[in-house]
Each structure stands twice: as C-alpha cells, then as structure tokens.
2 protein chains.
Amino acid sequence: MLELRLVQGSLLKKVLEAIKDLVTDANFDCSATGFSLQAMDSSHVALVALLLRSEGFEHYRCDRNISMGMNLNNMSKMLKCAGNDDIITIKGDDGSDTVTFMFESPNQDKISDFEMKLMDIDSEHLGIPEAEYHAIVKMPSSEFGRICKDLSSIGDTVVISVSKEGVKFSTRGDIGSANIVCRQNKTVDKPEGATIIEMNEPVSLTFALRYLNSFTKATTLSESVTISLSSELPVVVEYKIADMGYIRFYLAPKIEDEEEDMKS
Amino acid sequence: MLELRLVQGSLLKKVLEAIKDLVTDANFDCSATGFSLQAMDSSHVALVALLLRSEGFEHYRCDRNISMGMNLNNMSKMLKCAGNDDIITIKGDDGSDTVTFMFESPNQDKISDFEMKLMDIDSEHLGIPEAEYHAIVKMPSSEFGRICKDLSSIGDTVVISVSKEGVKFSTRGDIGSANIVCRQNKTVDKPEGATIIEMNEPVSLTFALRYLNSFTKATTLSESVTISLSSELPVVVEYKIADMGYIRFYLAPKIEDEEEDMKS
DNA sequence: ACAACAAAAT
DNA sequence: ATTTTGTTGT
C-alpha cells in the first residue's frame, strides 16, 4: 500500500518535464526515506538521480519498499492533465501492476484519477560514490541554461574551466569560437542570484552540450544550480527541489586526445 | 437586399473559427428572425446549428428570406482580415452570386470591403426535435475544453455520466485509464464559473472525443457551456452568444456493443 | 520577455 | 507530414 500526497503538484509535473526527454523508462523507488529514481539516459551516457524526501509530502505512506517501472512519456502525459495548482496523490497497491495518480483541484470541485500500467524494467542501480570535487560552482540556473543554449549554437562541446578568475565556458565550431566567463559574485540582493565558486584546485573539463542542454530542462525547479567538477569524474549538475530533495544529473567528461587538441 | 451590421465583429470571427474545422461548406439562412446556419460536418456525424438573432445587430435589413452558400474556409480567410474591434457589415444583393463583407475600423480610418463568391449547396435542413433531457450540465466552457483535451491524450472516446454526485468523464486507452469528476458548485463568485447539474434521471453516454474537441473551438464565444444528455439521443453542446443567440453542436452517442464492452 | 502550444501554410 | 507563424501562459 502506497499513498503519497503532494500538495504542490506542479513540482512533480516539472520533474517529469525535466527528465522525460533524457530517460524513456525508469523505476521509481519508494521507501520510508522518500520517492526516488535513478536512471541512465537512453544512450547510456548521462545519469539522472531524483530524490523527493518523504517529509516533503503532506501525507506519506509506504508500507514496504517498492519499485515501480514507468514509461516517463506516458506518466508525463497523465501529469499534464493535472492543473498546476492541483494536489497530486500517487497511489499503489501491493501486487498491482498499475499506479494511480489522483488530482484534486484547489477548491475540490474536480477530482481526477488516472491509472497507468506499470512495466518491468531492468534497473542497474549504480552506487554513486561520494566524491571530493576540485571545484563547486553555484550560479543562477537561468544563467547556466542561457549559457548552454547560447554555446550550442556555436559548437557541440563546452570546456568548463574553473580558476581563481571565475568559471569559463568555452566552445568552438565551424563558424567561430566563444568564451563566457562568470566571475564570483556574492553581492547580489537575493542569495539565489549569486554566483559562488568554491575551488580547491583549478579544473578544466569538456562536455557534450547536447546533454547539458537536456539537464537545463530542470531550470524551472530551482533558481540556482550547482555544478561539481573533478578531473576524470563525471560532472554533477544539481537542482535543489525546495523542501523536498533534488534532481542530479551526471555526465562523464570527454577525454580530448592530442589529435583533437591539435585540430582545435 | 441584405444588410446586416454587427458592431462586435469579433463575434463573427469567433463563430467561424469555431465551425470551419467541422464544416467546409454551408448555407447561411437569412430571415427576419436572424442570421442562421445549420450543417452536418463533412463525415455526417455531427451537426452544427448557429443562430444570430436580428436584434443583436445594430442594423438588420433582410427584405426576403435568402440562403447563401459559402465556403467557410474562404469566409474565415476574409474575416481574418477584419480587426477584432472592427464593425462588420454583411451585404447581399438579390440575384447576386456574391456576398460582401465590409469592415470598419473603430475610428473609421480604415474601411475594407471583401467580396466573396457564393456557391450552391444542397442543404438538407433537418428539423431538430425539441427534447426532454435526462440531464443538463452547465459548466465553465474552459473547464469542459480542458477535460476533452486532457482525456484525448489517453483515449479516443469519453463516457459522460451524470449522477447525483456530479458529472463524470471517463476514458481508457493503451497507456491507462482516467476519470474526471466535477461536482456541482454554485457557490462561486461569478455565475459563469459555476457548475450546475440538473438531473431528472442518471445517464451515461459514450462519445468520440475527436468531435467534442472540435466543438470546444467555440470556447472563446462563451464563459460557460451547456451539455444536454438523454439516452439514445444526440448530446447537445451549447455555447450562448451574448445578446445574440447560440452555437449548438449535436453528436450522436456511440452505441457500445457487447463485444466492445467485453474488450474493455 | 521567453518558451510552450496551437494553427496555418507548404 | 513537416515547417513556420501566431498566440498564450509563465
């Protein structure tokens, strides 16, 4: 028996908008801790980890750990039928091969329930090691989104370099090249608008912009994004979900060999 | 000689937007009563009935009853050339095979006239019998539109059931099933936002969502919609046009045979 | 002002 | 069927 009542239903709608383009099918894992998901993207290059802690739900009942395989496109279709101000309740019965999404309009005049078939999904639940990062950049999520979008009109990959100067995003393509430098800036009025760089060691890594642009679909979930970088390690792009948890995206850096360096 | 001057020209523009996807050609009938139209959709499944009463026009001259066959797509193209605040005058001469639409901008700075060829259309003018309905639901037109749109992302048909509880819209498709229940609700501030259910007898009928979604193109014409249901009778979906008349859409229910019932 | 959605044109 | 344009909501 599973019953998770989320007052701010728009959060779940946004979460699905953020990941459904990256991952087609995934297992949602439900435990006393919360409602979580971990999945590779279809080309097995990027990894998404979602956590919605039980404390963030108005009502959270999960009698036993359960893993529910869902087609995220279909789930997203159903959640699109919820109003942005609706309360969403996720319901599951033990042994059932369906999940029910219930939507309640704010004034309780309209109650909808959508039943979706579950699917069996082989999930290789990867343990993600906690790592020390050479540099952690926190910046407005909208700014990061804009940079990824802008650079992808010039090139396919971005070099993210963190130094004392700030964080630099560089790309190069047929029509030219571009560098965007963001300096640390704590002096903004609201803390969410700040750009904060914690650097233990300079780091410079190359990533495919295609994936970063997918990650920025989560921009609506949080005003700020945290980018954690270490050489040889996947970058972590994290969007905090207010009072509930996070979405984290992991992406391995491209290893540029000498030849490619020389071409560029 | 025909001369109909409509101050709120946007009404006519909206009317055409509402019906031109359903009906390609139709006869507009003009009499002392008003300007009206009755036509089947191209697949002869749905019926549209429009009435704009003569009293709603600023000036209404119609010397003798006349029926003018128009291609609604072409008529719509011409009306798109009228500004939303323009005054529209429809002019016809006896024996002429054209109709003229005249548009006057609010400040009289711009006067346009568009002449359109008429066409001969066989019209089987059906008598629509007045019927007693088992249930009449009045609800915000936007909400009805949203429900039809949402459900059509799940299934092709909707079962509309009225009971004391309220009105329920249900569908079923490959990815799952859905039920949306709207309760009666007279306690909203503005009367147009209310959901009012008059029920003599419970009723449950199945309709093709495709047509209902066409009907909801009329949502812009009225804040509320009235849905009249009786078993075995076509549903009537009516949008009142302020001070002038209405658009009514008729759609026969699907008769679910045993076989289909068993499949679902 | 931007992005998502729906309508129209090719 | 696909691309472009206009409209709506955030």
Side-chain angles (χ1 to χ4, degrees), chain A residues 8-22 72-73 75-86 88 103 105-106 139-153 180 190 192-193 209-210 212-225 239 241-242, chain B residues 9-25 41-42 71-86 114 116 140-154 193 209-223 239:
Chain A
Q8 200 180 339
S10 60
L11 279 184
L12 194 62
K13 288 170 61 108
K14 286 178 186 167
V15 161
L16 259 103
E17 282 307 300
I19 59 180
K20 75 161 208 287
D21 290 336
L22 208 56
L72 298 191
N73 243 307
M75 181 176 174
S76 170
K77 268 189 197 168
M78 290 195 165
L79 292 181
K80 283 219 175 103
C81 303
N84 278 326
D85 301 323
D86 283 4
I88 297 182
F103 311 139
S105 71
M139 59 160 64
S141 57
S142 56
E143 194 170 329
F144 178 64
R146 177 71 195 268
I147 289 168
C148 292
K149 175 171 152 275
D150 285 350
L151 293 187
S152 60
S153 73
I180 300 174
K190 45 175 194 174
E192 303 303 338
L209 278 165
R210 184 188 143 204
L212 295 183
N213 271 314
S214 267
F215 301 169
T216 61
K217 295 270 160 68
T219 300
T220 47
L221 277 163
S222 176
E223 295 264 301
S224 64
V225 62
Y239 296 84
I241 301 171
Chain B
S10 60
L11 278 186
L12 195 62
K13 287 167 62 103
K14 286 178 187 169
V15 162
L16 261 102
E17 284 306 301
I19 58 181
K20 75 164 208 291
D21 289 336
L22 208 56
V23 180
T24 53
D25 306 302
D41 82 292
S42 17
N71 175 295
L72 298 190
N73 242 307
N74 294 343
M75 181 178 175
S76 170
K77 272 187 194 166
M78 290 196 167
L79 292 180
K80 283 219 174 108
C81 303
N84 276 326
D85 301 324
D86 284 5
F114 287 69
M116 188 177 76
S141 57
S142 58
E143 195 170 328
F144 179 65
R146 176 75 195 266
I147 289 167
C148 291
K149 175 173 151 277
D150 283 349
L151 291 186
S152 60
S153 74
I154 311 292
L209 279 164
R210 186 188 143 203
Y211 293 100
L212 295 183
N213 271 314
S214 267
F215 301 169
T216 61
K217 294 272 157 69
T219 299
T220 47
L221 277 164
S222 176
E223 295 263 303
Y239 297 84

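Just so it is clear: chains get the letters A, B, ... in the order the sequence lines come, proteins before strands, and each one is counted from 1. These numbers come from a predicted model, not from an experiment.
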Between protein and nucleotides 1-10 of chain D, map the contacts as a letter string: B base, S sugar-phosphate only, - none, heavy atoms under 4.0 Å, written 5' to 3'.
---------S
Would you say B:Asn71's side chain and B:Asn73's backbone share a donor-acceptor pair under 3.5 angstrom?
yes
When you measure from the side chain of B:Ser141 to the backbone of B:Glu223, do you find a donor-acceptor pair of N or O atoms at a distance under 3.5 Å?
yes
What's touching nucleotides 2-10 of chain C from the protein side, N or O pairs under 3.5 Å?
{"from": "C:dA8", "atom 1": "OP1", "to": "B:Glu17", "atom 2": "OE1", "distance (Å)": "3.4"}
{"from": "C:dA8", "atom 1": "OP1", "to": "B:Lys20", "atom 2": "NZ", "distance (Å)": "3.1"}
{"from": "C:dA8", "atom 1": "OP1", "to": "B:Lys80", "atom 2": "NZ", "distance (Å)": "2.8"}
{"from": "C:dA8", "atom 1": "OP2", "to": "B:Lys20", "atom 2": "NZ", "distance (Å)": "3.3"}

Among residues at least two apart in sequence or on other chains, which ones pass side-chain contact (heavy atoms from CB on, under 4.5 Å) with A:Asn84?
A:Ser10, A:Lys13
Using the side-chain contact (heavy atoms from CB on, under 4.5 Å) criterion, which residues pair with B:Lys80? Sequence neighbours excluded.
B:Glu17, B:Lys20, B:Ser76
Under 3.5 Å, sequence neighbours excluded: what are the donor-acceptor pairs made by side chains of residues 144-153 of chain A?
{"from": "A:Arg146", "atom 1": "NE", "to": "A:Asp150", "atom 2": "OD1", "distance (Å)": "3.1"}
{"from": "A:Arg146", "atom 1": "NE", "to": "A:Asp150", "atom 2": "OD2", "distance (Å)": "3.0"}
{"from": "A:Ser152", "atom 1": "OG", "to": "A:Cys148", "atom 2": "O", "distance (Å)": "3.1"}
{"from": "A:Ser152", "atom 1": "OG", "to": "A:Lys149", "atom 2": "O", "distance (Å)": "2.8"}
{"from": "A:Ser152", "atom 1": "OG", "to": "A:Asn213", "atom 2": "ND2", "distance (Å)": "3.2"}
{"from": "A:Ser153", "atom 1": "OG", "to": "A:Asp150", "atom 2": "O", "distance (Å)": "2.7"}

Steps toward side-chain contact (heavy atoms from CB on, under 4.5 Å) verdict (B:Phe215, B:Leu22)
CA-CA 8 Å; B:Phe215 301 169; B:Leu22 208 56; 3.6 Å; yes
I'd like to check the salt bridge (Lys or Arg N to Asp or Glu O under 4.0 Å) partners of A:Asp85; sequence neighbours left out, ordered by chain and number.
none
